[in-house]
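Comments concern the structure below.
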Amino acid sequence: MPRAVISLCAALALAVTVVPAPAQNSAPINDLKVRAAAGDKTATRQLAEAYYLGKGVDQDFKQAAQWYEKLAKLGDARAQTSLGLMYARGYGVEKNPAAALKWWQLAAAQRDPGAQFNLGTLFFEGNGVAQNYAEAARWYREAAIRSHVQAQFNLGMMYYEGKGVDKDLRQSYYWLAVAAQQGDDDAQAELKKVAAGMSEAQIKDAEAQARDWMKKAKKVWQ
């Protein structure tokens, strides 16, 4: 089954539980607040992340949500994705799937892969929206082509199971191989199961396409 885990595609290593860090020198935080209040987007992001992670300040999800919202309202896709996550989990705000959907739709329209993945998860689970496997597959595909590994894994599994898409072992193997080449152990394990129903020629073709995808992706990353 696809992994239906909502994650934040940003420069944060987010977890369900984050251990607060003790407050440190308040000068950097105060400086960030001044700059953020003046409209500095970089400072606003750093301030939101500091409060979320408890980095240099006591952890405060409510403050993090407020600063993410300030940035999200300015059209920042990453902040919109982060704010959507907080509404989805009820971190610092009242849990509100409709609000999460709204912010992720805005971020996804700007091609943010984290938001696209999260939309795919909402539609796959039917969480706050009508369950729609075809729509889930569409959003997973959008995130997958933008190198979101979890989306690549989920899309591969949907092709294997024929959920939201026609069952297609070659497409399944292709996306799982792309995820595996980026270090996804689960994808590597699932490849053996998918390969059992494919011919050697089909496997070689899918592997070649996966390698081509990786070559193109590496050029973008560089």
Side-chain angles (χ1 to χ4, degrees), residues 1-17 81 84-85 88-89 97 100-101 104 107-108 111-222:
M1 290 292 293
R3 291 178 304 210
V5 179
I6 295 175
S7 64
L8 175 60
C9 184
L12 297 175
L14 298 182
V16 174
T17 303
T81 299
L85 179 73
R89 291 179 169 172
L101 175 65
W104 285 338
R111 299 183 177 182
D112 183 89
Q116 291 170 337
F117 171 78
N118 291 343
L119 284 176
T121 298
L122 285 186
F123 282 107
F124 186 88
E125 293 183 328
N127 184 10
V129 296
Q131 189 176 56
N132 187 325
Y133 289 140
E135 193 69 359
R138 181 173 80 87
W139 285 114
Y140 282 147
R141 184 179 294 105
E142 290 293 325
I145 63 178
R146 293 178 177 84
S147 302
H148 196 291
V149 179
Q150 283 185 289
Q152 292 164 350
F153 175 90
N154 285 7
L155 184 59
M157 292 306 297
M158 293 186 82
Y159 271 115
Y160 178 74
E161 297 171 355
K163 281 190 173 180
V165 292
D166 291 335
K167 186 178 177 70
D168 187 328
L169 294 184
R170 192 192 65 79
Q171 280 291 314
S172 175
Y173 193 99
Y174 166 68
W175 284 113
L176 289 172
V178 168
Q181 288 182 41
Q182 294 178 84
D184 191 306
D185 293 335
D186 290 338
Q188 186 65 54
E190 293 293 343
L191 280 174
K192 297 178 182 179
K193 182 169 66 177
V194 177
M198 300 172 65
S199 68
E200 186 175 344
Q202 289 175 323
I203 294 172
K204 287 183 177 180
D205 179 61
E207 288 179 341
Q209 290 192 38
R211 287 194 296 270
D212 287 342
W213 189 94
M214 285 298 298
K215 289 178 182 178
K216 293 176 182 178
K218 286 179 179 178
K219 288 181 180 179
V220 174
W221 298 334
Q222 291 174 351

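In this chain, residues are counted from 1 in sequence order. Predicted model only: the values in this text are computed from it and were never measured.
Contact record, L169 with V194: O-CG1, 3.6 Å, taken as the closest heavy-atom pair. The shortest heavy-atom contact between A151 and A143 is CB-CB, 3.6 Å. Scanning all heavy atoms of the two residues, the minimum distance from L119 to A108 falls at CD1-CB, 3.5 Å. The heavy-atom pair separating Q181 from R211 by the smallest distance is NE2-N, 3.9 Å. G84 and A100 make their closest contact through O-CB, 3.3 Å (heavy atoms, listed as atom of the first residue, atom of the second, distance). Annotation for A177 and L191: closest pair N-CD2, 3.7 Å, computed over non-hydrogen atoms.
You'll find the side chain of F153 stays beyond 4.5 Å of the side chain of W175, heavy atoms only. Side-chain atoms of Q209 and V178, non-hydrogen and from C-beta on, never get closer than 4.5 Å to each other. Residues L176 and D184 fail the side-chain proximity criterion, which asks for heavy atoms closer than 4.5 Å. Contact check for S147 versus W213: side-chain heavy atoms found under the 4.5 Å cut-off. Using a 4.5 Å cut-off on side-chain heavy atoms (C-beta onward), R170 and D205 make contact. With a 4.5 Å cut-off on side-chain heavy atoms, V165 and R141 count as touching. By the 4.5 Å heavy-atom criterion applied to side chains, Y159 and Y174 are not counted as neighbours.
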Check against side chain to side chain contact (heavy atoms under 4.5 Å, CB included), K163 and M157: CA-CA 8 Å; K163 281 190 173 180; M157 292 306 297; over 6 Å; no

Q131/F123 under side chain to side chain contact (heavy atoms under 4.5 Å, CB included): CA gap, chis, key distance, verdict: CA-CA 5 Å; Q131 189 176 56; F123 282 107; over 6 Å; no

Test side chain to side chain contact (heavy atoms under 4.5 Å, CB included) applied to H148 and Q116, step by step: CA-CA 9 Å; H148 196 291; Q116 291 170 337; over 6 Å; no

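Between the side chain of K167 and the main chain of Y160, a donor-acceptor pair closer than 3.5 Å is present. Of the possible polar contacts, one joining the W104 side chain to the T81 backbone as a donor-acceptor pair under 3.5 Å is found. A donor-acceptor contact shorter than 3.5 Å is absent between the side chain of E135 and the backbone of N132. Q152 places a side-chain N or O within donor-acceptor distance of the main-chain N or O of A144, the cut-off being under 3.5 Å.
Rounding to the nearest 0.5 Å places CZ of R146 at 9.5 Å from CG of D112.
Relative orientation of the F124 and Y140 rings is tilted, given thresholds of 30° and 60° on the angle between their planes.
Using a cut-off of 4.0 Å between Lys/Arg side-chain N and Asp/Glu carboxylate O, R138 and E142 are scored as not salt-bridged. A salt bridge does not link E207 to K204: none of the charged side-chain nitrogens sits closer than 4.0 Å to a carboxylate oxygen.
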